[in-house]
Amino acid sequence: MAQGRKAWRWVALAGVVVMAAGVVGGVLWQRRAPVYEVQTERVERRNLTEVVVANGRIQPVVQIKISAEVSGEIVELPVKEGQFVREGELLARIKPDVYQANRRSAEASYQAACSARAQAEANLRKAELEFRRQEELYRAHLISESAFLEARTALEVARAQLEHAQHQVEVARASLARAEEELAKTTIYAPISGTISRLSVERGERVAGNTMMAGTELMTLADLNNMEARVEVGETDVVLLRPGQRARLEVDAFRDRTFTGYVTEIANSSRNLDQPLGSQEATKFEVRIRINEKEVFRPGMSVTAEIETRYRTNVLTVPLASVTARPLEVSGGEKGSAQKSDAERMGDGAESTDSAGDASARRRDRDKPQTQSVVFVVEGDRVRMVPVKVGISDADHWEVLEGLEEGQEVVSGGYKVIHRDLTDGARVRVVPREGRAGGTGG
């Protein structure tokens, strides 16, 4: 009996020693655990405006490239680059000698065709008179049937010759119209009022013209009173854009000013649609933004646009830096269920096959994101990792849809601590914003 009591005493003593060692070890471990210096901000309500940032160039809304439609030498060029011209003013004249000769030739051919038609009309009248006379003689049995048929055939020939002469007149008239049009195209007038933004030729140069395709480009005429920004937007952002959305514009040439505008046109196809799928070039869509202000913009100036896409009023927000990603944790029940399901499938072997529904469910599980968005809420000298659901963002803050309440204090810096070091329950020390975030011994 005494030996049994001694044994129990030793067991109790050993338990006390183990507990003491555990407590001491825990305290020592806590003291050795790093303390991270962080900055914090409170969850507050704000108004958010999400923007899409894109770069591009300033261009006129209306810009016309003037090209030659006939070939020849430029004999008149009364304009210069930067000059303002009004609609209908002379821009250039191409040497017309050849086209004037062609017009005179076409006009002579037309006159000849008209004369031939008049002659055919006279021949037809003569053939009609002769046919009527022969017809009367034939009815009186004074001429043979062959003579009558010969007169009728001559009438039909005269009619066909007149029809041919009429077609020849139409051909000659079309040739004359073409010659007159080509002669008219040797003189080029301004189709709109605007500024010569680019002059590509000089007086005395020869240009090539073709009515079926663009000829030599002579100049570019632009209306500089109405300008727009043409920017390129990525495929992930273009789906957020709609005509009429407001935009803020920063033009490099006007560094101290911000301009405003609105979206007028969104391209339906990407600019690099013909590129292969494996191309390294990013997919871009052209978006046009009409500029409200009147300024001395020049075509080709660089511009940065911030297009306002979505708005939120009085919503919970946290700083952008506060939200980070962590691996998605699976609860024990889900793990056990998955392991049990796998074991059952392995036990069934080749005697059973998965149903289509099971296969679809497994594909959905496999396609689920493997990370979750989290923030670290400060509670005393430790942080608690809280999964959150975020909405839109502006340049500084995220909209929080689920997971936080107004007034909670969240870690907002520094970047390395939030995105690499912090874990659930980590010890922290709050330092001012100008402090340097890092890990220190306890």
Side-chain angles (χ1 to χ4, degrees), residues 22-48 50 236 310 312 314-341 361-362 364-442:
V23 172
V24 172
V27 172
L28 293 176
W29 181 85
Q30 289 182 356
R31 289 184 176 180
R32 294 182 58 188
V35 178
Y36 297 103
E37 294 181 351
V38 298
Q39 296 91 43
T40 61
E41 288 189 26
R42 293 194 178 277
V43 180
E44 298 179 352
R45 292 189 177 275
R46 292 182 175 86
N47 298 332
L48 294 184
E50 187 178 54
T236 57
R310 293 182 289 184
R312 297 291 185 271
N314 196 31
V315 294
L316 292 178
T317 62
V318 295
L320 290 178
S322 296
V323 181
T324 185
R326 289 292 188 270
L328 185 63
E329 296 182 356
V330 182
S331 65
E334 292 177 350
K335 289 182 178 179
S337 176
Q339 292 173 355
K340 180 179 178 181
S341 178
R362 289 199 303 277
R364 288 196 299 269
D365 292 340
R366 185 173 62 249
D367 294 339
K368 288 181 179 178
Q370 301 302 311
T371 60
Q372 59 182 344
S373 297
V374 301
V375 299
F376 291 95
V377 178
V378 178
E379 296 179 344
D381 63 345
R382 295 183 180 275
V383 294
R384 176 167 59 91
M385 185 174 70
V386 179
V388 294
K389 182 178 179 181
V390 296
I392 71 169
S393 66
D394 61 8
D396 302 309
H397 296 87
W398 277 108
E399 174 194 11
V400 179
L401 302 176
E402 297 177 3
L404 296 177
E405 297 179 357
E406 185 177 2
Q408 287 183 303
E409 190 175 7
V410 297
V411 178
S412 60
Y415 181 86
K416 178 183 176 183
V417 173
I418 294 174
H419 293 272
R420 293 182 54 183
D421 299 334
L422 286 185
T423 58
D424 190 25
R427 299 176 63 194
V428 296
R429 180 169 61 249
V430 179
V431 298
R433 174 62 58 181
E434 61 272 15
R436 180 179 59 85
T440 63

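- Gln372 contributes no side-chain N or O that, together with a main-chain N or O of Leu328, makes up a donor-acceptor pair within less than 3.5 Å.
- For the atom pair CZ (Arg384) and CD (Glu379), the distance works out to 4.5 Å, reported to the nearest 0.5 Å.
- Contact record, Val374 with Pro387: CG1-CA, 3.9 Å, taken as the closest heavy-atom pair.
- When all heavy atoms of Tyr36 and Val417 are compared, the closest pair comes out as CB-CG1, 4.0 Å.
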### Query
Taking it one step at a time, do Glu41 and Val318 satisfy side-chain contact (heavy atoms from CB on, under 4.5 Å)?
CA-CA 8 Å; Glu41 288 189 26; Val318 295; over 6 Å; no

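- At most 12 non-hydrogen atoms from other residues, nucleotides or ligands lie less than 6.0 angstrom from CZ of Arg420.
- Shown here for Ser412 and Ala321, the closest heavy-atom pair between the two residues is O-CB, 3.5 Å.
- Partners of Arg310 under the side-chain hydrogen bond (donor to acceptor under 3.5 Å, both in side chains) rule, at least two apart in sequence or in another chain, are Glu50.
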### Task
Start with the C-alpha gap between Gln39 and Val431, add the side-chain angles, then the distance that decides, and say whether side-chain contact (heavy atoms from CB on, under 4.5 Å) holds.
CA-CA 6 Å; Gln39 296 91 43; Val431 298; 3.5 Å; yes

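- With rounding to the nearest 0.5 Å, the separation of CZ in Arg382 from CG in Leu422 is 12.5 Å.
- The backbone N or O of Glu37 sits nowhere less than 3.5 Å from a side-chain atom of Arg429 that would complete a donor-acceptor pair.
- When side chains are defined from C-beta on, Asp381 does not count as touching Val35, because their heavy atoms never get closer than 4.5 Å.
- Under the side-chain contact (heavy atoms from CB on, under 4.5 Å) test applied with Phe376, the options Val410, Thr324, Val386 reduce to a single match, Thr324.
- For Trp398 against Ser393, the heavy-atom pair with the smallest separation is CE3-CB, 3.6 Å.
- Under a 3.5 Å cut-off, the side chain of Asp424 and the backbone N or O of Met385 do form a donor-acceptor pair.
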### Query
Which is it for Val411 and Val383 under the side-chain contact (heavy atoms from CB on, under 4.5 Å) test, yes or no, and what are the steps along the way?
CA-CA 8 Å; Val411 178; Val383 294; 3.9 Å; yes

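- When the options Val315, Asn314, Leu320 are evaluated for a side-chain contact (heavy atoms from CB on, under 4.5 Å) with Thr317, the one that passes is Val315.
- With rounding to the nearest 0.5 angstrom, the OG atom of Ser373 is 12.0 Å from the CD atom of Glu402.
- With rounding to the nearest 0.5 Å, the separation of CD in Gln408 from CD in Glu44 is 13.0 Å.
- Closest of all the heavy-atom pairs between Ile418 and Arg326 is O-NH2, 2.6 Å.
- No side-chain heavy atom of Val43 sits less than 4.5 Å from a side-chain heavy atom of Glu405.
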